[in-house]
Every structure is written in C-alpha cells, then in structure tokens.
Amino acid sequence: EAKGEAYVSEIVIQRRHWGKVAADLMGLEMLHHTSRQGALSIAGVADETNRPSRNLMERFGLKVEKVSASWSLEFPPSPSP
C-alpha cells in the first residue's frame, strides 16, 4: 500500500567516518526501508553550502527542486543560578 513521501530531516555521521562509505550505506538502507514501507518518493534538505550532503543526495538520484532561504535566531545562554 503506497503511503506518500518520506522526508529525511538529517543523517548524522561522525567526522571520523566522513569520506568513507558510512553515509552511503545509511542512505542506501534509508532508500530501501522507505521503499519497503510503501513511500512513493523521498525528500531531503541540505544547506546550499553543504556540498557533501548535496553530493550524497545526488548520488542516490535526488534532484534539486528549489533553493530557499531560512531564518533562525540563537538565544544567548541562560546565566547559571
């Protein structure tokens, strides 16, 4: 039974594993898992400047649909009691 789209918010790979096959293996498993669950598509998000993330998604066939801006606000640390 088809269920729609799978959305991946993040994959975290420890720096010592960067440039190895860890991210590719996780990505491949994610594609297989979402397909087995009935997803019709998969989407991901990466910062425009995060070339390794974008490369990973592109290796699995994901295409850039749009580039968008985002806004954030960082709060200063709370003072210790």
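Just so you know, these numbers use all the heavy atoms, side chains as well, and skip hydrogens, waters and symmetry mates. What you see is a predicted model; the values in this text were computed from it and never measured.
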What do you reckon, is CD of E58 surrounded by more than 12 foreign heavy atoms closer than 6.0 Å?
yes
Does E29, at its CD atom, have more than 12 non-hydrogen atoms belonging to other residues, nucleotides or ligands within less than 6.0 Å?
yes
Would you compute the distance between atom CG of L31 and atom CZ of R36 and round it to the nearest 0.5 angstrom?
10.5 Å
Check: V64 and M57 side chains under 4.5 Å, non-hydrogen atoms:
no
Is the number of heavy atoms from other residues, nucleotides or ligands under 6.0 Å of H17 NE2 greater than 12?
yes
Rounded to the nearest 0.5 Å, how far apart are CG of N55 and CZ of R59?
6.0 Å
So which atom in I42 and which in M30 form the shortest heavy-atom distance, rounded to 0.1 Å?
CD1-CG, 4.3 Å
